[in-house]
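Here the structure comes first, spelled out in C-alpha cells, and everything after it is commentary.
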Amino acid sequence: MAAAASPSPYSMDSSPMNSNAEVSEIDRTRIPFVHTVPAASRILPSASQWNSIELDFNLVPRSENAYHSIPSNYSKSYEFELVVSDKPYFKRFLIILGLLVLVAIGLPLLLHFLPQAHRHKTSPMNFTLAVAHSLTFFDAQKSGRYPTTSPVKFRGISGMEDGNSRNPPVDLKGGFYDSGNNIKFSFPTAYTVTLLSWSVIEYHEKFDDINELDHVKDIIKWGTDYLLKASVRSNSTKEPVTLYSQVGSTGNGTNPFTDLSCWEKPEDMSYPRPVFACDGTTAADLAGEVVAALSAASIVFRDEKDYSNELVQAAESLYVAATKKGQTTYTSVKACGGEASRVYNSSGFQDELVWGGTWLFFATGNTTFLEYAALNFSAAIKQQDPKEQGVFYWNNKVVATGILLTRLRFFRDLGFPFEIGFKAASDMTEAMICSYLSDKHFHKSPGGLIVLMPDGSPPIQYAATASFLTKLYSDYLELGLQSSVTCGKDGFSLQTMRSFSTSQVTNNKQPKYIKLKAVEFYLMP
C-alpha cells in the first residue's frame with residue numbers, strides 16, 4: 001500500500017512570509033539573525049545578536065550605500081588597516097592557502113575510498129562477486145560458436161569439428177571444456193547443469209537481486225543444448241538412445257598430442273578428437289544424470305514453453321531406456337567411459353536413477369517416475385561407497401535425493417507406496433545434518449572447514465555442497481514451522497544450521513582463496 005506523500009524533513013522549501021506585516025525602517029536594521037555581508041566583506045564569527053563581532057580589513061573600497069553605513073546596535077566593530085604592498089605575492093599566498101585547504105579536505109576522502117590491503121580487521125565477504133566470478137568461469141569454458149556478448153573476451157570459436165570423427169559424423173559442437181584441458185565430459189557437465197538449475201529453482205530471487213539470473217540461465221541453456229545433442233534418440237528398439245560421453249582424449253597410446261599432453265587454448269586445437277559413445281540402456285548412471293539435468297532445467301525454462309517441453313520429452317525417453325534391465329556404469333564400458341574412468345570414475349548407477357526420477361517427477365508431476373525413485377532409494381543407499389556417506393558431489397547423489405524426497409514428505413506427502421522411501425530419506429537426511437553439525441563424525445580444520453573425505457580430492461567442493469544442503473534443509477524446516485532438528489539427546493536450531501552453512505565460506509581463519517573457492521566449487525564439479 002502506498003503511503004501518503006509527506007514533506008521531506010530535508011526539504012529546502014520554506015513557508016511564505018506574511019506579506020501584510022509592516023516592518024519599520026528601524027526594525028529592519030535590527031533583525032537579529034540575518035547577517036547582511038556588504039561589499040566591505042564583514043566577517044561575523046557568531047550568529048548571536050549580543051556578541052557578534054565585525055572585522056573590517058579594508059581590503060576593498062567601502063560601499064557608498066547609506067544603508068551599509070548604519071552601525072549595528074548590538075555588535076562590536078573593529079577595523080584594521082591591512083595594506084597589501086605586493087599583489088603578486090599576495091595572490092600566490094591565496095593560491096597556496098587554497099591548495100592546502102583542498103589537500104586537507106581531499107586527502108581524507110581519497111584515503112577513505114581507495115582500496116587498502118588489510119584495511120579491516122575482519123574482511124567482509126562479497127558473495128555477489130564470488131557468484132559472478134564462478135559463473136564467468138563457465139563462460140570461459142564454453143566450446144563451439146563462442147558468443148560475442150560473453151564477458152570473457154580472450155576466448156573465441158573452437159571445437160567446430162567435434163563429432164566429425166564418428167562414422168557417420170554427428171554434431172557435438174558446444175558444451176563445456178573440463179577443468180584446464182579441452183576434453184568435454186558429459187557426466188560432470190550434466191551434474192553441473194542439474195546443480196545450477198536447482199540453485200535457480202530454489203533461489204531465483206537471489207540471483208535476480210544481484211543481476212545474475214539471466215547470466216546463470218544462459219549458462220544452463222548452453223549446457224542443456226549440448227546434452228540434447230549428446231543424447232540422441234533413434235527408432236531402433238535395440239538401442240533407443242545413444243549417449244555421447246566424451247569428446248577429446250586423455251591419451252590413445254599412439255598420438256603424442258592429446259588434450260592432456262598438449263596444453264593450448266582450444267581455438268588452436270589441431271590434433272584428433274575422438275568421440276566416445278554408448279547406449280542409454282547400459283550406461284544407467286550417465287543416463288540418469290542427463291535426465292536430472294534436462295528435467296531440472298525444464299523447470300527453469302517453463303516460461304519458454306517449447307524449449308521446456310523439448311527438455312522434458314528427451315528426459316522421459318532417456319529415463320524409460322535407462323530403467324530397463326542390464327544397467328551398469330558408463331565407465332565400466334570401455335567404448336563409452338574407459339578413458340573417463342581415469343578422472344570421473346562412477347562407482348554406481350542407482351543413485352543417479354533415483355536422482356533423475358525425482359527430478360523428472362518435479363518436471364512432469366508423473367508419479368510413475370517418483371515411484372521408481374521412492375522404491376529404489378534404499379537400494380541406492382546400500383550401493384553407495386561407504387567412504388562417501390554424507391557427501392554430495394558428481395559421483396554420489398544419495399544425500400541430495402534424500403533432501404528432495406524429504407521436501408516431498410514435508411509438503412506433499414503422497415502416502416503409499418511412497419511413504420517407505422520418504423521415511424528412509426527423511427531419517428537419512430536428519431542423520432546427515434546432525435553429522436555435519438556435531439563433532440562426532442567428521443573432522444574440521446582449525447578454521448572450521450568440514451573434512452568429509454580426508455583421502456579424497458581437496459575438501460572445498462564437499463564442504464560447499466554440505467553448506468548448500470544444510471541451508472536448504474533449514475529453509476524446508478522453517479516453511480514446515482519446525483524450529484530445530486533432533487539428534488538423539490542433542491538438538492540444533494535453524495540458526496545453528498545456517499551458521500554452519502555460512503561458516504564454510506566466511507570463517508575468518510580460513511585463507512581468502514578458500515572462502516571464494518568454496519562458493520565456486522558449489523557451482524562446478
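Note: hydrogens, waters and symmetry copies are ignored here, and every other heavy atom, side chains too, is used.
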Heavy atoms, side chains only, cut-off 4.5 Å: are [X] and [Y] in contact?
{"X": "Val398", "Y": "Gln383", "answer": "no"}
{"X": "Ser295", "Y": "Phe362", "answer": "no"}
{"X": "Lys173", "Y": "Tyr226", "answer": "no"}
{"X": "Gln141", "Y": "Ser179", "answer": "no"}
{"X": "Phe138", "Y": "Lys142", "answer": "no"}
{"X": "Tyr271", "Y": "Ser249", "answer": "no"}
{"X": "Val152", "Y": "Phe137", "answer": "no"}
{"X": "Val391", "Y": "Gln384", "answer": "no"}

Once rounded to the nearest 0.5 Å, what's the spacing between atom [atom1] of [X] and atom [atom2] of [Y]?
{"X": "Gln350", "Y": "Asp285", "atom1": "CD", "atom2": "CG", "result": "11.0 Å"}
{"X": "Glu352", "Y": "Trp394", "atom1": "CD", "atom2": "CH2", "result": "9.5 Å"}
{"X": "Gln246", "Y": "Cys278", "atom1": "CD", "atom2": "SG", "result": "11.0 Å"}
{"X": "Ile403", "Y": "Met432", "atom1": "CD1", "atom2": "CE", "result": "4.0 Å"}
{"X": "Phe187", "Y": "Thr192", "atom1": "CZ", "atom2": "OG1", "result": "10.5 Å"}

Any Lys/Arg nitrogen of [X] or [Y] sitting under 4.0 Å from an Asp/Glu carboxylate oxygen of the other?
{"X": "Arg273", "Y": "Glu161", "value": "no"}
{"X": "Lys217", "Y": "Glu212", "value": "no"}
{"X": "Arg407", "Y": "Glu202", "value": "yes"}
{"X": "Arg409", "Y": "Glu419", "value": "yes"}
{"X": "Asp139", "Y": "Arg155", "value": "no"}

Who are the side chain to side chain contact (heavy atoms under 4.5 Å, CB included) partners of Ala287, not counting sequence neighbours?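 For Ala287 the side chain to side chain contact (heavy atoms under 4.5 Å, CB included) partners, ignoring immediate neighbours, are Leu243, Leu318, Ala322.
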Less than 6.0 angstrom separating the ring centers of [X] and [Y], yes or no?
{"X": "Phe392", "Y": "Tyr191", "value": "yes"}
{"X": "Tyr344", "Y": "Phe185", "value": "yes"}
{"X": "Phe468", "Y": "Trp198", "value": "yes"}

Shortest non-hydrogen contact between [X] and [Y], atoms and distance:
{"X": "Leu452", "Y": "Ala466", "answer": "CD1-CB, 4.0 Å"}
{"X": "Gly357", "Y": "Tyr319", "answer": "CA-OH, 3.3 Å"}
{"X": "Ser346", "Y": "Tyr330", "answer": "CB-CE2, 4.1 Å"}

Any idea how Phe442 and Tyr436 line up, ring-wise: parallel (<30°), tilted (30 to 60°), or perpendicular (>60°)?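 Tilted: the ring planes of Phe442 and Tyr436 meet at 30° to 60°.
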Give me the ring orientation class for Tyr462 and Tyr393: parallel if the planes are under 30° apart, tilted from 30 to 60°, perpendicular past 60°.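 It falls in the perpendicular class, over 60°.
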Pairs involving residues 288-313, ordered by first then second residue, that meet ring pair (Phe, Tyr, Trp, His ring centres under 6.0 Å) (sequence neighbours left out):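 Listed by first then second residue: Phe301-Tyr307.
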Would you find more than 12 non-hydrogen atoms of other residues, nucleotides or ligands less than 6.0 Å from Ile420 atom CD1?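 Open.
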Just one of Lys229, Arg145, Lys184 clears the salt bridge (charged side-chain N to carboxylate O under 4.0 Å, His left out) bar with Asp162, so which one?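 Single salt bridge (charged side-chain N to carboxylate O under 4.0 Å, His left out) partner of Asp162 among Lys229, Arg145, Lys184: Lys184.
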Is a side-chain donor or acceptor of Ser332 paired with a backbone partner of Thr328 at a separation under 3.5 angstrom?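 Not at all, since once roles are kept as given, no pair shorter than 3.5 Å links the two residues.
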With Asp351, which residues qualify under salt bridge (charged side-chain N to carboxylate O under 4.0 Å, His left out), at least two apart?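 If we apply the salt bridge (charged side-chain N to carboxylate O under 4.0 Å, His left out) test to Asp351, skipping adjacent residues, there are no hits.
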